[in-house]
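All heavy atoms count here, side chains included; hydrogens, waters and symmetry mates do not. All figures in this text were calculated on a predicted structure; none of them were measured in a lab.
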Amino acid sequence: SRLCLVGHSIGGLVCAYYADFVAPSQQVKVVSVVCISTPWKGIEESMTGRIKRCLMFGLNNSTKKMMVDLQENSPVLHSIQECQLQPAHLQTSGRARFYNLAGRGDWLVHQGRYIMDRNAFW
């Protein structure tokens, strides 16, 4: 299978993780990943309360784990960031092409701009 993934906000992090860590082991070829307003630096702990209130599906074990994995200093987020910052000549051949779309006024996204600048459209 060949996929193009599109993720908004936290969904961009989920798509990046899937493309780099899950898809290769499942024989899935992710061709491109489009990330819209993705917080590459993670979610500040102060933001998790607001996000929890916004989740329509409530807090189950999966969403609790996601909230931990996407906080600023989590090992999962660190792995995602390392893949994004890896120089092109060290990346595996056939890795998905990443595209980032964001507005300059989005402060949560702007904090991770050093990651996004590698493949961003402002």
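Listed here is the closest heavy atom pair of Q84 and W40: CG-CZ3, 3.6 Å. What you find for A19 and P24 is that their closest heavy atoms are O-CD, 3.5 Å. Contact between A23 and V30 at its shortest, heavy atoms only, is CB-CG2, 3.7 Å.
Counting heavy atoms from C-beta on, the side chains of F98 and D20 come closer than 4.5 Å. Contact of the P39 side chain with the L13 side chain is registered, since non-hydrogen atoms from C-beta on lie closer than 4.5 Å. With a 4.5 Å cut-off on side-chain heavy atoms, V33 and Y18 do not count as touching.
V34 and V31 fall into different hydrophobic clusters, where Ile, Leu, Val, Met, Phe, Trp and Tyr are joined by side-chain heavy atoms under 4.5 Å apart, directly or via other members.
Taking OH of Y17 as the start and SG of C83 as the end, the distance is 10.0 Å to the nearest 0.5 Å. Expressed to the nearest 0.5 Å, how far CZ of R2 lies from OG of S32 amounts to 9.0 Å. Here the CD1 atom belonging to I80 is positioned 7.0 Å from the OG atom belonging to S74, to the nearest 0.5 angstrom.
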